[in-house]
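Accompanying notes for the structure given below.
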Amino acid sequence: MTSEQRPSGPAGAFTLVTVASGATSLRSNEHGETFHPVIGPMAEARALHVAGSRIVGRAGECARPFVIWDVGLGAGANAIAVVEALAEAKCPARVELHSFDCTSEPLEFARHHAAELGYLAPWSESVESLLKHGRAAVGNVDWHFHRADFRNVVREPGTAPAPAPDAILYDPYSPESNPGMWTVEHFTRLHACLDPARPCTLTSYSRSTSVRVTLMLAGFFAGHGGATGEKDETTLAATHRELLAQPLDAAWLGRVSRSTRGAPLRERPCPGRISPADLAALQRMIPGS
Ligand SMILES: C[S@@+](CC[C@H](N)C(=O)[O-])C[C@H]1O[C@@H](n2cnc3c(N)ncnc32)[C@H](O)[C@@H]1O
């Protein structure tokens with residue numbers, strides 16, 4: 001990852017950085033991770049989440065409000081990319097955008113640096129309202145902010161503070177620094193909060209075998225997602241296989257079975273090869289395997 005650090009006011013949790021594309025983004029000093037590295041916030045949010053989950057087309061076909069869960073609001077780039085894509089397409093759909101984060105710190109930091117970040121500047125009033133009232137009306141989008149640990153949000157099905165989603169923009173820190181957000185147990189609880197009658201996508205920057213195995217063992221179908229510049233592909237997961245353009249196939253599962261790192265991520269980690277029981281569970285989800 002090439003990024004140039006720039007002074008950003010008093011030392012704190014975040015630093016402004018210039019990524020390879022020339023765009024400005026945030027870096028978490030605690031996690032040592034840059035938000036939307038290489039191609040920058042808007043380009044990645046558009047390619048990975050908006051295009052990846054076909055938000056505009058699917059929202060346009062939805063007779064009721066289309067519901068999006070933005071997991072890891074951070075500095076708001078994914079949420080704003082959704083708002084802008086719908087506005088540009090003049091999409092008349094009503095959209096409920098539910099952003100979750102355990103802290104508003106990155107958004108507050110971004111708000112103070114809106115001019116440098118660029119993408120946030122036109123939406124400063126909405127961001128003010130979101131931070132102050134937990135809610136903002138932005139065109140046809142009803143934007144909510146839930147300040148909570150997302151692991152607790154999904155702990156009990158039926159208790160989430162938002163309707164079941166049609167799309168989940170999944171963007172916590174990496175499994176290495178944010179492991180509790182990437183386990184079979186957590187994704188199983190998330191899956192249990194979904195409405196089987198409401199086909200749902202989940203987009204993630206990760207393309208790692210262990211994350212894909214983990215999502216599948218939690219009940220999601222998983223497929224190849226589009227490139228984002230930094231990565232030649234990402235992951236599109238979904239509750240219904242038909243939502244995937246390129247589902248993972250028997251050849252992929254063959255590689256998992258031979259991999260020395262095919263095991264899922266669990267609360268009690270057991271890294272290494274995938275177990276026969278887990279492999280059998282995946283075989284039941286992949287036709288012809
Ligand atoms: C890489 S940043 C997200 C960037 C953001 N999507 C954007 O567009 O700017 C990861 C975010 O996930 C949040 N996060 C990590 N673990 C979380 C948890 N358990 N519950 C809620 N939010 C969490 C962090 O606070 C951080 O803001």
Closest approach of [X] to [Y] (non-hydrogen atoms, all atoms of both residues):
| X | Y | answer |
| --- | --- | --- |
| A89 | V56 | CB-CG1, 3.6 Å |
| P163 | R198 | CB-NH1, 4.2 Å |
| T234 | S204 | CB-O, 3.4 Å |
| G12 | N29 | O-ND2, 2.8 Å |
| I39 | A43 | O-CB, 3.5 Å |
| N78 | A45 | OD1-CB, 3.2 Å |

Do the side chains of [Y] and [X] get nearer than 4.5 Å, heavy atoms only?
| X | Y | value |
| --- | --- | --- |
| Y119 | T24 | no |
| I55 | L169 | yes |
| S21 | V38 | no |
| Q246 | E233 | no |
| M285 | L248 | no |
| L282 | I274 | yes |
| F187 | P264 | no |
| L107 | L130 | yes |

Would you say CD of E88 has more than 12 non-hydrogen atoms from neighbouring residues, nucleotides or ligands within 6.0 angstrom?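 Enclosed: over 12 neighbouring heavy atoms sit under 6.0 Å from CD of E88.
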Run the salt-bridge test on R94 and D142 with the 4.0 Å N-O cut-off and return the result as yes or no. no
Under 3.5 Å donor-acceptor, [X] side chain and [Y] backbone:
| X | Y | answer |
| --- | --- | --- |
| D249 | W252 | yes |
| T214 | L265 | yes |
| S25 | F35 | yes |
| D171 | G72 | no |
| S53 | H49 | yes |
| D232 | A227 | no |
| R135 | W143 | no |
| S129 | E125 | no |

Ring-plane angle category for H31 and Y173, please: parallel below 30°, perpendicular beyond 60°, tilted otherwise.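 Plane angle under 30°, so parallel.
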Indicate the ring-plane relationship of H146 and H98, choosing parallel, tilted or perpendicular according to the 30° and 60° boundaries.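 Plane angle under 30°, so parallel.
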Between R273 and T260, is a side-chain contact (heavy atoms from CB on, under 4.5 Å) present by the stated rule, with each step listed? CA-CA 5 Å; R273 291 184 176 278; T260 53; 3.7 Å; yes
Look up atom [atom1] in [X] and atom [atom2] in [Y], then write down how far apart they are to the nearest 0.5 Å.
| X | Y | atom1 | atom2 | answer |
| --- | --- | --- | --- | --- |
| L190 | C200 | CG | SG | 7.5 Å |
| L131 | H133 | CG | NE2 | 10.0 Å |
| E108 | T103 | CD | OG1 | 7.0 Å |

Under a 4.5 Å side-chain heavy-atom rule over Ile, Leu, Val, Met, Phe, Trp and Tyr, are F220 and L48 clustered together? yes
Can you get from V71 to L202 by hopping between Ile, Leu, Val, Met, Phe, Trp and Tyr side chains that sit under 4.5 Å apart?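 In one cluster with V71: L202, yes.
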Any donor-acceptor N or O pair under 3.5 Å, side chains T209, R261: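 No - no donor-acceptor pair under 3.5 Å links their side chains.
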Tell me yes or no: between the side chains of E30 and S28, is some donor less than 3.5 Å from an acceptor?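 Side chains of E30 and S28: no pair found under 3.5 Å.
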Partner set under side chain to side chain donor-acceptor pair (under 3.5 Å) for D149, not counting sequence neighbours: R151
Verify side-chain contact (heavy atoms from CB on, under 4.5 Å) between D278 and V213, making sure each step is shown before the conclusion. CA-CA 9 Å; D278 286 341; V213 167; 5.6 Å; no
Partner of Y170 by ring-ring contact (aromatic ring centres under 6.0 Å, His included), out of W182, Y205, W69: W182
Please walk me through it: do N178 and E33 pass side-chain contact (heavy atoms from CB on, under 4.5 Å)? CA-CA 11 Å; N178 206 177; E33 291 184 13; over 6 Å; no
